[in-house]
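To start, the structure under review is shown below, and the notes come after it.
Reminder, nothing fancy here: chain letters follow the sequence lines and each chain counts from 1. Computed from a predicted structure; not experimentally measured.
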Amino acid sequence: MPELPEAETIRCQLESEVAGATIRKVRVLIPRAAREHVSAREMSRLVVGRRIARVGRRGKAVLLLLEGGGGHSRPATRSGQVARPASLIIRLGMTGLIRVVPAKEPIDKYTAAVLELEDERQIRFLDQRQFGLISARPGHDPDAMPEFEGYGPEPFSDEFSPEYLKRAFARRGAQLEVVLMDQKVIAGIGKIYADEICFRAGLRPTRRANGLTGPMRERLWRATREVLAEAIRCRGSSAVDEGYRDVYGNRGQFQERMYVYQRTGERCRVCGTPIKRTPMAGGRGMHWCPKCQL
DNA sequence: AGTTGGACCTGACTGC
DNA sequence: TGCAGTCAGGTCCAAC
């Protein structure tokens, strides 16, 4: 499922494909995908006629950063007002995919939204399980958007540090893996990378977050950056039953480097001990090595 | 305020 | 073969 490394891979590829292109029309085919936004009209007002300046990312979400009106680009409103910059937000949810295709390519049934570009291509947002989200907001700053309210720091920002973890974990008596996946603590980590980060830090995911020592938090901090950076280099994960594909339809490669995720009962690649699975709140499993993780 | 568990959603898989 | 049940998980929400 798309977490930070998958979203970053998509961001990077999308930017090279569509930066400079202008959006001609937005069509939402699965209304549920736009459930959090005010209206289709409002989305069109913010998006139609705008040029894509850059592609951004916040946590697991991809943002198309759109230029305002005036200057050399076409104004977005007919009333002559100068349009302010805006952003189109796509949160990938569990099964969200983004594709850039020629307009004539047939639309499949999982297509949640289509952004028609002026160059006869389309950016398509596909989403099998409909947990994803598409919306639009004024401005380019994700931290000013309701979608990201309260979000924690990006793992590669200066704000994210062992000191930050000390503060963020202070009153968190929940399990380490649960806290790692809390977007308000750190943005961008989900099940796969939470499992792998705990393994590389040598910490059991069942530990209480506020029970970690200074050296443990230091290891966790380092492991977080290392795992996510490696996963980005691998262009994300397409694990066994996962449908994740990048903008070009290619699978990620990080699944080949996983130590614990969905390896219940298989031998640890470091010590040979069978990998354990412990149910987490909500019934999902946390995977870990009883010998390598303490 | 923090924690827990259910709901949402669909396809793959398991067991009878 | 078919069908019910279970699992997967990002995020929100209600209950404690």
Side-chain N,O (A:Tyr110) to OP1/OP2 (B:dG11) below 4.0 Å: yes

Indicate every side-chain donor-acceptor pair of residues 160-170 of chain A with a distance under 3.5 Å to a residue at least two apart or in another chain.
{"from": "A:Ser161", "atom 1": "OG", "to": "A:Glu163", "atom 2": "N", "distance (Å)": "3.4"}
{"from": "A:Ser161", "atom 1": "OG", "to": "A:Tyr164", "atom 2": "N", "distance (Å)": "3.0"}
{"from": "A:Tyr164", "atom 1": "OH", "to": "A:Val185", "atom 2": "O", "distance (Å)": "2.6"}

Pairing residues for A:Arg27 by the salt bridge (charged side-chain N to carboxylate O under 4.0 Å, His left out) criterion, not counting sequence neighbours: A:Glu116

Angle by which the axis turns from one end of the helix from B:dG2-C:dC16 to B:dC16-C:dG2 to the other, five pairs per end, to 10 degrees: 50°

Whole angstrom value for the distance that separates P of B:dT3 from CG of A:Leu180: 13 Å

Residue-phosphate contact under 4.0 Å: A:Gln130 side-chain N/O, B:dT10 OP1/OP2: yes

Annotated protein contacts, base or backbone, on nucleotides 9-16 of chain C with a non-hydrogen cut-off under 4.0 Å, one of B, S, - each: BBBS----

ring-ring contact (aromatic ring centres under 6.0 Å, His included) partners of A:Phe199, counting only residues at least two apart: A:Tyr259

Which residues share a salt bridge (charged side-chain N to carboxylate O under 4.0 Å, His left out) with A:Arg257, sequence neighbours left out: A:Glu230

With A:Phe254 via ring-ring contact (aromatic ring centres under 6.0 Å, His included) - residues at least two apart: A:Tyr193

Any residue meeting side chain to side chain contact (heavy atoms under 4.5 Å, CB included) with A:Thr273, in chain and number order, not counting sequence neighbours: A:Cys271, A:Cys289, A:Pro290, A:Lys291

Side chain to side chain contact (heavy atoms under 4.5 Å, CB included) partners for A:Asn210, two or more places apart: A:Arg208

Whole-Å distance separating the CG atom of A:Leu97 from the P atom of B:dT10: 16 Å

